Each structure stands twice: as C-alpha cells, then as structure tokens.
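Okay, so here's the structure we're looking at.
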Amino acid sequence: MLHIFIDEAGVAGTTQNFIIGFAFFSNKNYKLCVDNMKSKIKGLKGKEPVELHFHDMSPEIKMEFLTCLAELKGRFGYIHVQKEKIDKEFQNYPDNNLIYNLMLFYLIENLVKSGYSAEHITVYVDQRSTDRAIKRDLARYLPMKVNPLLKDRRLYVKWERSHNSRGIQCADSICGSVYRKFEKNDSRYYDVIKPNFIIARDYLFGKV
C-alpha cells in the first residue's frame, strides 16, 4: 500500500496562488522528524505544539524539519495555479471545490503515470471542510477517475485531521515551501527539498 499525504496552501480562487501538494515516505521515520521538531519547539518555547504548522515555525526550525524530510528520501509533488487563471464562476465557495477536486486528480494522475502504480494507494486528505457533500464528492470522484489507471489495484480516500496525522503535517510544510516560492518569490525553503520533487505541475500549463 502506498500512503500519500495531501495538503494545500492558499485558497482556490481567493489567494493569488493556490497549491496542492503531497508527501510520501518509504518508512515511518518521518514521524520521528515531526516529534523531534515538536520537542525542539518545546525546549525553545516551554510548550510543545499540538501539531506542526509551516507558517508558525521559525526559519531555523523550518530548515531543520525540511532537511530531515529530504534526508529520509521523502517523495514530494505539487500542482500550482494562479487566481487569474481560474474562471470567475469557480473562484468562490462551494464551486472552488470543483477546482480542488480537478487539481488533486491531475496531481495523482501524474504520479500514477510516472510509475507509482504497483500498489494500492491510500490518499490521506486534510479535513479542510466538515461539509459531508464536499467530502463525499471527492471520495467518489477521485477513485472513479484514478482506478481505471491502476488496473487491478485501487485508490482509497481517507479524511484526517492534521493534528492526528504526522504525514499531513509533513505535507503542510511541503506546500508551505512551494507556496512561499510563488507568493513571496522566496525559494530558500523550496530549494532544500527541490531534489525530492517527483511531480511539479502548473494546472493549466503542465510541467514546471
């Protein structure tokens, strides 16, 4: 089973840039990276955070965390779109969820077509909404689109709260690094993990 953790940065149709990204690992040592960073933050601030958030970490902690994930040979990917490239009718809730679903499919489709299709796939998605219809639509849509590409294997969608998933916390920092590259023209964090990216796509224009 291939376990893929999904998160996003920005808001589709609202922020200038929107990113959906993934992270997956060959073993569970990424959990140690998360726990060690939380312990380090506790040592510095006197209180351990419930979870790691890229935007809440100091530059030094961000660098150390990303370096740890890169050294584990984590595999990362992202898809990016600019606000002005999204038709206006899809820029607001709930229609912006259609863009989210399409972009996530495009991202996973590229991963599968790159050769990562030898196992069943479980996609762990940050529980970005409590709307059951939104969750149900993605849980139906993504397997419907991806399963034909997997032949005798299957894709499953699971929703998880980020504070319960170290994997999603890793994906959060991957997305945050990419988002900062596009939004702030600051690639110092992205550069740390750049060699680990196996998928880098623009939603409308293909390979970056």
Side-chain angles (χ1 to χ4, degrees), residues 2-26 54 66 69-70 73-91 95-119 121-126 128 134 137-139 141-150 153 155-157 167-208:
L2 180 60
H3 301 280
I4 302 175
F5 303 99
I6 304 290
D7 204 1
E8 78 246 24
V11 179
T14 300
T15 54
Q16 185 61 35
N17 294 281
F18 177 61
I19 307 290
I20 299 178
F22 68 71
F24 66 86
F25 304 89
S26 60
F54 182 79
L66 292 168
L69 298 182
K73 297 185 176 2
R75 293 292 177 261
F76 313 136
Y78 73 87
I79 182 169
H80 160 254
V81 69
Q82 291 181 308
K83 177 181 178 181
E84 62 264 23
K85 304 299 183 182
I86 301 176
D87 291 341
K88 288 189 176 181
E89 60 264 34
F90 295 114
Q91 288 188 5
D95 291 331
N96 57 359
N97 287 290
L98 298 175
I99 293 296
Y100 181 94
N101 292 356
L102 288 167
M103 289 177 64
L104 182 53
F105 162 62
Y106 184 47
L107 185 61
I108 300 300
E109 178 191 37
N110 274 267
L111 180 66
V112 169
K113 289 184 175 180
S114 296
Y116 293 88
S117 59
E119 305 174 75
I121 298 173
T122 299
V123 173
Y124 300 86
V125 183
D126 185 21
R128 52 196 289 274
I134 290 173
D137 287 348
L138 180 61
Y141 173 77
L142 202 57
M144 178 186 72
K145 299 290 286 185
V146 175
N147 282 344
L149 304 174
L150 293 174
R153 289 163 291 279
L155 178 140
Y156 306 93
V157 177
I168 288 178
Q169 292 172 51
C170 293
D172 169 79
S173 282
I174 302 308
C175 291
S177 302
V178 177
Y179 183 79
R180 190 170 183 88
K181 172 179 179 288
F182 286 105
E183 189 79 5
K184 304 292 185 181
N185 197 29
D186 176 5
S187 63
R188 56 183 159 156
Y189 303 116
Y190 175 85
D191 288 343
V192 174
I193 53 176
K194 184 177 180 179
N196 298 67
F197 278 99
I198 56 175
I199 303 292
R201 297 288 188 273
D202 183 276
Y203 178 54
L204 296 178
F205 301 107
K207 186 179 294 187
V208 176

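The analysis underlying the following values was restricted to heavy atoms, covering all of them including side chains, and did not include hydrogens, waters or symmetry mates. Small disclaimer: the values here were computed from a predicted structure and weren't measured.
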Would you please name every residue forming a side-chain hydrogen bond (donor to acceptor under 3.5 Å, both in side chains) with Asn17, sequence neighbours left out?
His80, Glu183
Minimal heavy-atom distance between Ile20 and Cys175, with the atoms involved, is C-SG, 4.2 Å
Once you round to the nearest 0.5 Å, how far does CE of Met103 lie from CD1 of Ile79?
4.5 Å
Measure across Pro143 and Leu138 and return the closest heavy-atom pair with its distance rounded to 0.1 Å.
CD-O, 3.8 Å
Go through it in stages, so that I can follow the logic: the residues are Asn101 and Tyr106, the test is side chain to side chain contact (heavy atoms under 4.5 Å, CB included), and I'd like the CA-CA distance, side-chain angles, deciding distance and then a yes or no.
CA-CA 9 Å; Asn101 292 356; Tyr106 184 47; over 6 Å; no
Any chance you could measure Gln169, atom CD, to Asp7, atom CG, to the nearest 0.5 Å?
10.0 Å
Can you confirm whether Ser117 sits close enough to Leu149 that some side-chain heavy atom of one is under 4.5 Å from a side-chain heavy atom of the other?
no
Taking the side chain as everything from C-beta on, heavy atoms only, tell me whether Tyr179 gets closer than 4.5 Å to Phe54.
no
Quick one, Thr122 with Ile4, criterion side chain to side chain contact (heavy atoms under 4.5 Å, CB included). Give me CA distance, side-chain angles, the key distance, then yes/no.
CA-CA 6 Å; Thr122 299; Ile4 302 175; over 6 Å; no
Do any N or O atoms from the side chain of Asn196 and from the backbone of Arg75 form a donor-acceptor pair under 3.5 angstrom?
no
Any pair counted as salt bridge (charged side-chain N to carboxylate O under 4.0 Å, His left out), so long as it reaches residues 185-197, sequence neighbours left out
Arg180-Asp186, Asp186-Arg188
Under 3.5 Å: donor-acceptor pair, side chain of Asn147, backbone of Leu155
yes
First locate atom CD of Gln16, then atom NZ of Lys184, and finally report the distance between them rounded to the nearest 0.5 Å.
11.5 Å
Scan for salt bridge (charged side-chain N to carboxylate O under 4.0 Å, His left out) pairs involving residues 106-115, sequence neighbours excluded, and state none if there are none.
Glu109-Lys113
With heavy-atom distances below 4.5 Å as the criterion, would you say the side chains of Ile121 and Val112 are in contact?
yes
The criterion is ring pair (Phe, Tyr, Trp, His ring centres under 6.0 Å); which residues satisfy it with Phe105, sequence neighbours excluded?
none
Given the options Val157, Asp126, Leu104, Ile6 meets side chain to side chain contact (heavy atoms under 4.5 Å, CB included) only with Leu104
Does Ile168 offer a backbone N or O that forms a donor-acceptor pair with the side chain of Asp172 under 3.5 Å?
no
Leu102: what forms a side-chain contact (heavy atoms from CB on, under 4.5 Å) with it, not counting sequence neighbours?
Tyr141, Tyr203
Quick check: Phe76 with Phe22 (ring centres under 6.0 Å apart)?
no
Shortest non-hydrogen pair, Leu69 vs Cys170, comes out as CD2-SG, 3.7 Å
I'd like to check the ring pair (Phe, Tyr, Trp, His ring centres under 6.0 Å) partners of Phe5; sequence neighbours left out, ordered by chain and number.
Tyr30, Tyr124
With a 6.0 Å cut-off on ring centres, are Tyr116 and Phe24 close enough?
yes
Would you call Tyr78 and Arg201 a side-chain contact if the rule is heavy atoms closer than 4.5 Å?
no
Validation row: Ser173, Leu66 side chains within 4.5 angstrom (heavy atoms)
yes
Sub-4.5 Å side-chain heavy-atom contact between Ile199 and Ser114:
yes
Min side-chain heavy-atom separation Asp202-Val81 under 4.5 Å:
no
Check Gly176 against Ala9 and note the closest heavy-atom contact, atom names and distance.
N-CB, 4.5 Å
Where do Tyr189 and Ser177 come nearest, in terms of heavy atoms and distance?
CB-OG, 3.6 Å
